Novice: 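Shown below is the structure under consideration.
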Amino acid sequence: MNIVVVESPAKAKTINKYLGPGYEVLASFGHVRDLPAKDGSVDPEADFRMIWEVDDKSEKRLNDIARAMKGATKLILATDPDREGEAISWHVLEVLKQKKALQKHTVERVVFNSITKQAVLDAMKHPRVIDSALVDAYLARRALDYLVGFTLSPVLWRKLPGARSAGRVQSVALRLVCDRELEIEKFVPREYWSLVATLATPRGDTFDARLVGADGQKIQRLDIGSGAEAEAFKQALETAIFKAASVEAKPARRNPPPPFTTSTLQQEASRKHGFAPAHTMRLAQRLYEGIDIGGDTVGLITYMRTDGVDMDPDAVSAIRRMIGKDYGADYVPGAPRTYQAKSKNAQEAHEAIRPTDATRSPREVARAVESDQAKLYELIWNRAVACQMQSAELERTTVDISATVAGRLLDLRATGQVIKFDGFLKLYREDRDDPNQSADGDDDETRRLPEINQGERLDKRAIDSSQHFTEPPPRYSEASLVKRMEELGIGRPSTYASILQVLKDRGYVRIDKKRLVPEDKGRVLTAFLESFFARYVEYDFTAGLEEQLDRISNNEMAWRELLRDFWRDFTAAVGDIKELRVAQVIDALDEMLGPHLFPPRADGVDPRKCPNCDTGRLSLKLGKFGGFIGCTNYPECRYTRQLSNGNGAPDGGMKKLGDDPTSGLEVTLRSGRFGPYIQLGEAVNGEKPKRAGIPKGITPDDIDLQRALGLLSLPREVGKHPEDGEPILAGVGRFGPYVQHGKTYASLETGDDVLTVGLNRAVTLIAEKKLKPGKNRRFGADPGRPLGDHPDKGGPVVVKNGRYGPYVSHDGVNATLPSDMVPDTVTLEQALPLLDARAAQGVGARKKKPAKPGKSTAKKAAPEQTADVATKPAKKAKAAAKAKATTKAKSPTSKAKAAKSAESPKAKVPKARTAKNAKPVEPETA
């Protein structure tokens with residue numbers, strides 16, 4: 001029997017079918033060991049010795065693999081073909097060696113780029129050993145991330161309250177977002193004008209021409225800077241005589257884009273379908289691991305973590321044949337197309353992402369997979385096929401027009417473009433991050449000019465002058481941030497999605513209209529790092545580390561050498577900041593963020609002047625929840641506001657919306673420490689004025705007087721409940737907008753407006769709330785939302801809201817949803833891996849009650865802490881001895897017997913070697 005180890009149960013199931021009898025495929029469920037989240041897991045003083053820990057779940061799976069090895073002759077490690085996959089194989093091998101599960105077994109490492117029967121069988125014929133260079137690169141990366149996190153984070157907690165953590169790569173990505181926001185804030189719009197003449201040919205056909213020159217001088221886009229200049233040109237054009245000076249038509253070609261890499265797939269999936277990078281990778285993982293199509297489980301795409309743009313020659317040949325058959329010979333280029341990666345530090349170790357079988361059309365696949373999976377597969381299929389299609393042939397026409405008036409010569413130009421042969425455009429058009437650009441970056445692609453002959457006179461139909469203002473650079477979308485990180489060489493294909501997720505989870509950025517907006521604490525953290533750890537958030541420094549890690553993976557550099565160089569300078573920087581007091585840190589940040597926090601006011605008033613007491617000055621303060629603006633006269637003056645003023649309020653932190661028609665009091669929009677709010681009037685005789693928060697989903701810019709008065713009037717009565725006649729109220733509470741009936745509170749859902757929600761909707765929400773199980777309430781179980789039938793076992797898979805949160809359920813197996821999954825949007829393909837993982841743990845397993853005195857109380861051994869320490873036997877013996885002593889202590893002569901027992905040689909137990917007294921073994925490489 002041969003034991004094959006892969007990462008996931010889905011992958012194991014698919015490969016098991018291909019290999020047949022004689023093979024047993026087991027899943028490790030990803031990484032099996034990690035560095036414990038505590039100080040000392042990487043020890044620089046011991047030449048960067050690393051202590052690894054196996055968690056309880058992984059321990060069970062590793063025990064299953066070890067038991068399976070007893071009747072086997074060979075161990076085949078078939079994890080993913082990248083650095084992480086190599087590391088998983090190495091970890092599994094190391095743990096099995098510690099468990100002495102490998103005696104005379106043969107150990108092989110196989111890799112395949114796609115999960116198809118042919119690819120798997122070919123890989124089995126070409127085994128190798130574990131690549132020690134890839135493992136070394138993994139060890140160096142993991143040690144670097146650990147050392148930065150566990151050294152820098154405690155400094156943040158002491159010096160920067162409200163900051164949660166900093167990371168080697170995530171902090172640089174956060175800086176990109178913050179720097180872009182700073183660019184936007186500093187941006188000063190510039191006025192400019194454009195002039196367009198609508199002209200007609202002698203045949204009556206009209207077209208537009210733009211003013212591009214005057215009196216022998218070219219006019220650039222921003223050259224006409226005022227309405228007076230524009231009006232002067234317009235008056236001249238109104239009386240000018242127009243003539244076609246030259247007509248030039250040039251052929252052009254547009255080549256198809258290369259097949260997808262990880263980053264370009266994430267970018268295009270975000271642009272075309274709005275998928276977050278993490279969601280894209282989950283979908284791609286499922287397509288890679290295998291889908292049941294027509295009773296046959298097969299991987300639909302090649303490995304999805306890659307920066308390579310090459311494709312297998314056999315796959316290219318198959319695609320070219322398919323193009324000729326389905327689209328015609330004209331769409332097949334004379335030779336196969338080849339591509340080169342443009343990104344910095346591209347390793348190109350694997351081929352590009354492509355369908356495993358080009359003849360498996362998106363329409364066929366759509367019948368067997370979920371909607372989002374079908375969309376992603378179609379995107380991958382279209383791009384892979386298009387990259388081997390003929391170029392598009394275009395014709396670009398430029399017409400230069402002279403306008404003469406009162407001895408002056410004005411120059412206009414008209415451009416157009418027509419597609420002579422669509423080529424790859426028949427199948428695929430690449431999107432752009434900037435919505436102002438056309439799909440393929442050319443505004444004139446569909447603009448066709450009428451027949452215009454050189455020298456002929458043109459008639460004026462209209463002259464239009466338009467005012468414009470330059471715009472700041474757009475905020476990063478998730479797609480454009482991934483693109484920028486790739487351009488700078490920051491991170492790697494497998495890390496982009498997780499980096500973005502960490503920034504969102506820790507509240508450093510938020511998504512607003514599909515764009516990344518830095519939160520206040522994210523900006524403060526970035527300012528702190530730029531002030532005191534500038535080198536470690538520099539783009540070039542981070543990219544340089546990635547290059548060195550690549551050198552390690554190419555066996556060109558020792559991994560400990562990289563760590564020594566890094567650690568020497570990093571500890572010196574940390575030592576310097578430790579000597580600073582918190583007040584010094586705040587002062588430095590206040591000065592650095594001053595232009596952002598206190599921009600000059602239009603009325604000339606000092607932007608730091610406190611609007612509340614008029615005598616104090618505003619400055620940066622740090623509290624439990626992060627940074628905020630406060631007055632120097634505290635506690636006499638308690639004025640506070642958020643750091644940023646991007647909330648619809650003016651510089652003073654207050655905006656008048658109007659007067660309340662009932663009381664005559666002023667209604668204002670204000671910026672407070674915990675966000676924007678609405679206030680009616682001012683404090684009188686120490687009595688606080690009425691205030692109302694702004695519900696989630698409503699921006700301060702959306703608040704006008706009518707809406708503000710509505711929010712101040714809450715809670716309001718929606719109507720009487722039809723069953724008991726009791727009032728139903730709508731209001732905004734601690735957890736957001738709600739409706740209330742008696743003691744039942746139901747949160748409003750997306751799309752519900754607390755000011756307009758009607759009686760029918762409110763009754764429905766309250767009824768649904770009463771059906772959901774809550775605290776101390778067992779009746780009315782939630783029937784759940786069906787996701788579809790289980791593809792392998794049959795029966796419905798549903799998502800439910802339980803007492804302890806949302807979960808998915810199938811045939812008695814319940815799996816809790818992770819925090820990043822929303823019950824309303826979770827799909828079947830997301831639910832299946834969760835159910836598989838839960839089923840592997842055992843359904844219905846309950847914790848055993850503590851054993852009664854007299855019975856064995858031996859506890860299960862703790863997870864392994866080091867590479868060479870096995871503590872289970874010693875711990876069991878020690879626990880048994882303790883139980884024996886406890887039992888004897890219950891008898892009348894317990895003390896004497898216990899003392900005698902303790903002195904007995906039989907009671908002596910060898911001391912277990914724990915993580916504290918253990919000497920970890922150096923990480924080995926195969």
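Predicted model only: the values in this text are computed from it and were never measured.
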Novice: Are side-chain heavy atoms of Glu364 and Thr359 found at a separation under 4.5 Å?
Specialist: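 Result no, sub-4.5 Å side-chain heavy-atom pair not found.
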Novice: Nearest 0.5 Å, please: how far is CG in Asn382 from SG in Cys387?
Specialist: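 Spacing of SG (Cys387) from CG (Asn382) equals 11.5 Å.
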Novice: For the atom pair CG (Leu562) and CZ (Arg141), what is the distance rounded to the nearest 0.5 Å?
Specialist: 10.5 Å
Novice: Ignoring hydrogens and angles, tell me if any N or O in the side chain of Ser317 forms a donor-acceptor pair with the backbone of Pro313 under 3.5 Å.
Specialist: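 It does hold such a pair.
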Novice: Decide yes or no on salt bridge (Lys or Arg N to Asp or Glu O under 4.0 Å) for Glu487 and Arg484, but give the supporting numbers first.
Specialist: CA-CA 5 Å; Glu487 290 171 349; Arg484 185 60 179 149; 3.3 Å; yes
Novice: At what distance, to the nearest 0.5 angstrom, does CD1 of Ile319 lie from CD of Gln388?
Specialist: 6.5 Å
Novice: Over all heavy atoms of both residues, which pair between Tyr23 and Ile76 is shortest? Give the atoms and the distance, please.
Specialist: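 That closest heavy-atom pairing would be CE2-CD1, 3.9 Å.
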Novice: Give a yes-or-no answer on whether the side chains of Ser498 and Thr495 include a donor-acceptor pair shorter than 3.5 Å.
Specialist: no
Novice: Any sub-3.5 Å donor-acceptor pair from Asp131's side-chain atoms to Ala133's backbone N or O?
Specialist: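 Here the side-chain-to-backbone pair exists.
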Novice: When you measure from the side chain of Ser263 to the backbone of Glu486, do you find a donor-acceptor pair of N or O atoms at a distance under 3.5 Å?
Specialist: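 Absent.
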Novice: Do any N or O atoms from the side chain of Arg396 and from the backbone of Gln417 form a donor-acceptor pair under 3.5 angstrom?
Specialist: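 No, because the side chain of Arg396 does not come within donor-acceptor range (under 3.5 Å) of the backbone of Gln417.
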Novice: What's the verdict on salt bridge (Lys or Arg N to Asp or Glu O under 4.0 Å) for Arg551 and Asp136, showing C-alpha distance, side-chain angles and the deciding distance?
Specialist: CA-CA 10 Å; Arg551 289 185 60 200; Asp136 286 350; over 6 Å; no
Novice: Under 3.5 Å, side chain of Arg168 to main-chain N/O of Gly149, donor-acceptor pair present?
Specialist: no
Novice: For Ala386 and Leu427, which heavy atoms make the closest approach, and how far apart are they?
Specialist: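 In this case the closest contact between Ala386 and Leu427 is N-CD2, 3.9 Å.
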Novice: Strictly distance-based, threshold 3.5 Å: is any side-chain N or O of Arg254 a donor or acceptor partner for the main-chain N or O of Phe424?
Specialist: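 Answer holds: no.
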Novice: Just by distance, do the side chain of Thr526 and the backbone of Gly522 share a donor-acceptor pair under 3.5 Å?
Specialist: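 At least one qualifying donor-acceptor pair exists.
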Novice: Would you say the side chains of Ser8 and Glu289 form a donor-acceptor pair under 3.5 Å?
Specialist: yes
Novice: Walk me through it: do Leu376 and Ile380 pass the test side chain to side chain contact (heavy atoms under 4.5 Å, CB included)?
Specialist: CA-CA 6 Å; Leu376 192 67; Ile380 294 169; 4.2 Å; yes
Novice: Do side-chain atoms of Arg175 reach the backbone of Val537 as a donor and acceptor pair under 3.5 angstrom?
Specialist: yes
Novice: Measure from NZ or CZ of Arg180 to the centre of the six-membered ring of Tyr476, then state whether that distance is under 6.0 Å and the direction lies within 45° of the axis.
Specialist: yes
Novice: Applying side chain to side chain contact (heavy atoms under 4.5 Å, CB included), run through Phe275 and Leu283 and close with a yes or a no.
Specialist: CA-CA 10 Å; Phe275 293 166; Leu283 297 174; 3.7 Å; yes
Novice: Can Tyr536 and Leu529 be said to form a side chain to side chain contact (heavy atoms under 4.5 Å, CB included), step by step?
Specialist: CA-CA 8 Å; Tyr536 301 98; Leu529 294 175; over 6 Å; no
Novice: Report yes or no: does Glu393 contribute a side-chain atom to a donor-acceptor pair with the main-chain N or O of Phe421 at less than 3.5 Å?
Specialist: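 No: the side chain of Glu393 does not pair with the backbone of Phe421.
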Novice: Residues in side chain to side chain donor-acceptor pair (under 3.5 Å) with Tyr539, at least two apart?
Specialist: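 With sequence neighbours excluded, Tyr539 shows a side chain to side chain donor-acceptor pair (under 3.5 Å) to Asp179, given in chain and number order.
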Novice: Can you check whether Pro362 reaches Val365 side chain to side chain, under 4.5 Å on heavy atoms?
Specialist: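 The answer is no, as the side chains (C-beta and beyond) never meet within the 4.5 Å cut-off.
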Novice: If you measure only the distance, is there a donor-acceptor pair under 3.5 Å linking the side chains of Arg383 and Tyr428?
Specialist: yes
Novice: Measure the CG-CD distance between Asp357 and Gln118 for me, rounded to the nearest 0.5 Å.
Specialist: 12.5 Å
Novice: What I'd like to find out is whether the side chain of Met485 reaches to under 4.5 Å of the side chain of Val172, using heavy atoms alone.
Specialist: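 Of all side-chain heavy-atom pairs linking Val172 with Met485, none is under 4.5 Å.
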Novice: Going by atom types only, do Thr79 and Ser89 share a side-chain donor-acceptor pair under 3.5 Å?
Specialist: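 Checked: Thr79/Ser89 side chains pair up, N/O donor to acceptor below 3.5 Å.
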Novice: Will you find, in the side chains of Arg305 and Thr261, an N or O donor that is under 3.5 Å from an N or O acceptor?
Specialist: no
Novice: State, with a plain yes or no, whether a side-chain heavy atom of Leu77 is found less than 4.5 Å away from one of Leu75.
Specialist: yes
Novice: Where is the tightest heavy-atom contact between Pro474 and Ile184, given as atom of each residue plus distance?
Specialist: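 Between these two residues, the closest heavy atoms are C-CD1, 4.4 Å.
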Novice: Just to verify, which of Arg510, Lys504, Arg515, Lys483 counts as forming a salt bridge (charged side-chain N to carboxylate O under 4.0 Å, His left out) with Glu478?
Specialist: Lys504
Novice: Measure from NZ or CZ of Arg109 to the centre of the six-membered ring of Trp90, then state whether that distance is under 6.0 Å and the direction lies within 45° of the axis.
Specialist: no
Novice: Between Trp381 and Ala358 (side chain of the first, backbone of the second, donor and acceptor by atom type, cut-off under 3.5 Å), is there such a pair?
Specialist: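 Yes, Trp381 side chain to Ala358 backbone: donor-acceptor pair under 3.5 Å.
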Novice: Could you tell me if the ring centre of Phe112 sits under 6.0 Å from that of Tyr18?
Specialist: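 No, they do not, as the ring centres are separated by 6.0 Å or more.
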Novice: Do Tyr331 and Asp422 have a side chain donor and acceptor closer than 3.5 Å?
Specialist: yes
Novice: Can you find a heavy atom in the side chain of Pro256 that is under 4.5 Å from one in the side chain of Arg337?
Specialist: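 They are in contact (side-chain heavy atoms under 4.5 Å apart), so the answer is yes.
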Novice: May I ask you to decide whether Lys11 forms a salt bridge with Glu7, counting only side-chain N to carboxylate O separations under 4.0 Å?
Specialist: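 Salt bridge: yes.
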Novice: Got a sec, which residues hit salt bridge (Lys or Arg N to Asp or Glu O under 4.0 Å) with Asp82, two or more places apart in sequence or on another chain?
Specialist: none
Novice: Taking it one step at a time, do Leu549 and Met557 satisfy side chain to side chain contact (heavy atoms under 4.5 Å, CB included)?
Specialist: CA-CA 8 Å; Leu549 289 168; Met557 183 180 184; over 6 Å; no
Novice: Which atoms form the tightest heavy-atom contact between Leu287 and Gln373, and what is the distance?
Specialist: CD1-O, 3.9 Å
Novice: Evaluate the side-chain proximity of Val6 to Val25: yes if any heavy-atom separation is below 4.5 Å, no if none is.
Specialist: yes
Novice: For Arg128, is there an ion pair with Glu108 - N to carboxylate O distance below 4.0 angstrom?
Specialist: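 No.
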Novice: Any salt bridge between Glu430 and Lys272, counting N to O under 4.0 Å?
Specialist: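 No, Glu430 and Lys272 are not salt-bridged.
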Novice: Are side-chain heavy atoms of Gln548 and Phe566 found at a separation under 4.5 Å?
Specialist: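 Not touching, per the 4.5 Å side-chain cut-off.
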Novice: Going by heavy atoms in the side chains, are Thr262 and Met281 under 4.5 Å from each other?
Specialist: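 SC-SC contact between Thr262 and Met281 confirmed.
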Novice: Which pair of non-hydrogen atoms, one from Cys178 and one from Pro518, has the smallest distance, and what is that distance?
Specialist: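 That closest heavy-atom pairing would be SG-CB, 3.8 Å.
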Novice: Just to verify, which of Leu134, Thr302, Val110, Val111 counts as forming a side-chain contact (heavy atoms from CB on, under 4.5 Å) with Pro81?
Specialist: Val111
Novice: Could you check whether Glu829 and Thr827, counting side-chain N and O atoms only, form a donor-acceptor pair closer than 3.5 Å?
Specialist: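 The criterion, which ignores hydrogens and geometry beyond distance, is satisfied for Glu829 and Thr827.
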Novice: When you check the side-chain N and O atoms of Arg286 and Gln830, is any donor under 3.5 Å from an acceptor?
Specialist: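 Distance-only check fails for Arg286 and Gln830.
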Novice: Output the distance between atom CD (Glu268) and atom OG1 (Thr280), rounded to the nearest 0.5 Å.
Specialist: 11.0 Å
Novice: Which pair of heavy atoms, one from Ala140 and one from Leu563, lies closest together, and at what distance?
Specialist: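 In this case the closest contact between Ala140 and Leu563 is O-CD2, 3.9 Å.
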Novice: Does the pair Arg142 and Asp34 meet the rule for a salt bridge (Lys or Arg N to Asp or Glu O under 4.0 Å), with working shown?
Specialist: CA-CA 9 Å; Arg142 191 68 192 87; Asp34 200 0; 3.0 Å; yes
